[in-house]
There are 2 protein chains.
Amino acid sequence: MSAPKTDSQQQILALLKQLNREISAQELYVELRRRSQSLGLATIYRALKALKLEGTIQTRTLSNGESFYSLAEAEQHYLTCLNCGKSILLENCPICQESAASREQEHFKIYYHILDFFGLCPSCQHQIHVES
Amino acid sequence: MSAPKTDSQQQILALLKQLNREISAQELYVELRRRSQSLGLATIYRALKALKLEGTIQTRTLSNGESFYSLAEAEQHYLTCLNCGKSILLENCPICQESAASREQEHFKIYYHILDFFGLCPSCQHQIHVES
DNA sequence: AATCATTTTGATAACGATTATCATTATTTT
DNA sequence: AAAATAATGATAATCGTTATCAAAATGATT
């Protein structure tokens, strides 16, 4: 869960903590640059990958292939529109009450939901240990 | 939920029913061709989009941007490895028992899970009605 | 300090799934 | 049958992400 972090990783982590919302890699690139902490895109993607494999941050990938990153602390429940792709963050939504979500957003027409557990499979846990 | 379907849509739907597993668009292209029911890739993507907007099929997008499609009937619960990207389908997993998932796959190291509701937001519901 | 080894970085090329384009073909309507 | 509409498919374009590789930074060793 914890590992020695590069400066880039720390910068990104600090920004994620401050923002307290999910953000894409491209947005991170712009935002860091705006704060005179410019990082190359490649570095950003690398840092995000490392933080993800540690379990420090979590990822959500939209159907257009764009990924959003946030701290792995808070649970996330979204209502996502299949057409425009926009997501509404559901506040205080106890996991597993899909009916609650329906009620909460009366006019949102829910087709289905997906619950996805993320982590490391046995062989990849081993592989990562060997690599480092 | 139901709408007039093109031949392409019906072909794809029939194949999804037969396979009873999630499959990517590219795989669909190969599989249909193997069955002498060749469809162009563009047509496949168009049909999938239409079926998705009807709520007939559901999509799951991996972090590499590749999307998988399946009938919207069954609930899906996965264990996905952050490193290799492979997903393990969890059978008979009552939604919202993340601890159950941990137990079920002892050696899978779970970092987090994401629950995502998919459907149409109010404005897109309206927009689609106007279009057609 | 100086040299060497290792790690990190960033500009850019390459990749790949998806979407847009547009002319052609099928289908429906009049 | 002619005209209008919808569907199709080959291919170009898009765009987020990953790979490449040389340069810069960091750390270790003498």
Side-chain angles (χ1 to χ4, degrees), chain A residues 3-13 15 22-33 35-54 57-70 80-87 124 128 130-132, chain B residues 3-13 15 22-33 35-54 57-70 80-85 87 128 130-132:
Chain A
K5 294 182 179 48
T6 65
D7 291 345
S8 307
Q9 289 174 33
Q10 291 178 13
Q11 279 185 55
I12 289 174
L13 210 46
L15 185 49
E22 61 176 10
I23 187 174
S24 71
Q26 306 279 344
E27 283 179 281
L28 268 175
Y29 176 75
V30 174
E31 193 65 24
L32 285 171
R33 164 172 288 243
R35 300 175 183 223
S36 316
Q37 298 181 329
S38 289
L39 289 180
L41 256 179
T43 302
I44 290 177
Y45 279 107
R46 268 190 294 249
L48 288 171
K49 183 178 180 182
L51 293 170
K52 187 170 67 172
L53 287 180
E54 286 179 10
I57 64 173
Q58 67 188 58
T59 306
R60 193 171 66 101
T61 305
L62 305 189
S63 56
N64 66 5
E66 198 179 7
S67 291
F68 287 82
Y69 305 86
S70 60
T80 301
C81 181
L82 290 167
N83 190 237
C84 66
K86 283 187 193 150
S87 291
C124 283
I128 287 175
V130 173
E131 275 176 3
S132 60
Chain B
K5 294 183 179 46
T6 64
D7 291 346
S8 306
Q9 290 174 33
Q10 290 178 14
Q11 279 184 56
I12 289 175
L13 211 46
L15 184 48
E22 60 176 11
I23 187 174
S24 70
Q26 306 280 343
E27 283 179 280
L28 268 174
Y29 175 77
V30 174
E31 193 64 23
L32 285 171
R33 164 172 290 242
R35 299 174 183 224
S36 316
Q37 298 182 329
S38 289
L39 288 180
L41 256 178
T43 302
I44 290 178
Y45 279 108
R46 268 189 294 250
L48 288 172
K49 182 178 181 182
L51 293 170
K52 188 169 65 170
L53 287 180
E54 285 178 11
I57 65 174
Q58 66 188 58
T59 306
R60 193 171 66 100
T61 305
L62 305 188
S63 56
N64 65 5
E66 198 180 7
S67 291
F68 287 82
Y69 304 86
S70 60
T80 301
C81 180
L82 290 167
N83 190 236
C84 67
S87 291
I128 287 174
V130 172
E131 275 175 2
S132 58

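Just so we're on the same page: letters track the sequence lines, and every chain starts at 1.
Looking at Q11(B) and S8(B), their side chains never bring a donor and an acceptor atom within 3.5 Å of each other. Between the side chains of R46(B) and T6(B), no donor N or O sits under 3.5 Å from an acceptor N or O.
N83(B) has its CG atom 12 Å from the P atom of dT18(D), to the nearest Å. dG16(D) atom P lies 18 Å from atom CD of E66(B), rounded to whole Å. L41(A) has its CG atom 10 Å from the P atom of dG16(D), to the nearest Å. Atom CZ in F68(A) sits about 9 Å away from atom P in dT17(D), given to the nearest Å. Atom P of nucleotide dT8(D) and atom CG of L48(B) are separated by 12 Å, given to the nearest angstrom.
OP1 or OP2 of dG10(C) lies within a sub-4.0 Å distance of a side-chain N or O belonging to T43(A). The side chain of S8(A) places an N or O atom within less than 4.0 Å of a non-bridging phosphate oxygen (OP1 or OP2) of dT9(C). Note on Y45(B): a side-chain N or O is less than 4.0 Å away from OP1 or OP2 of dT18(C). OP1 or OP2 of dT18(C) lies within a sub-4.0 Å distance of a side-chain N or O belonging to S67(B).
Between K5(B) and L51(B) the shortest side-chain heavy-atom distance falls below 4.5 Å. Contact check for L62(B) versus F68(B): side-chain heavy atoms found under the 4.5 Å cut-off.
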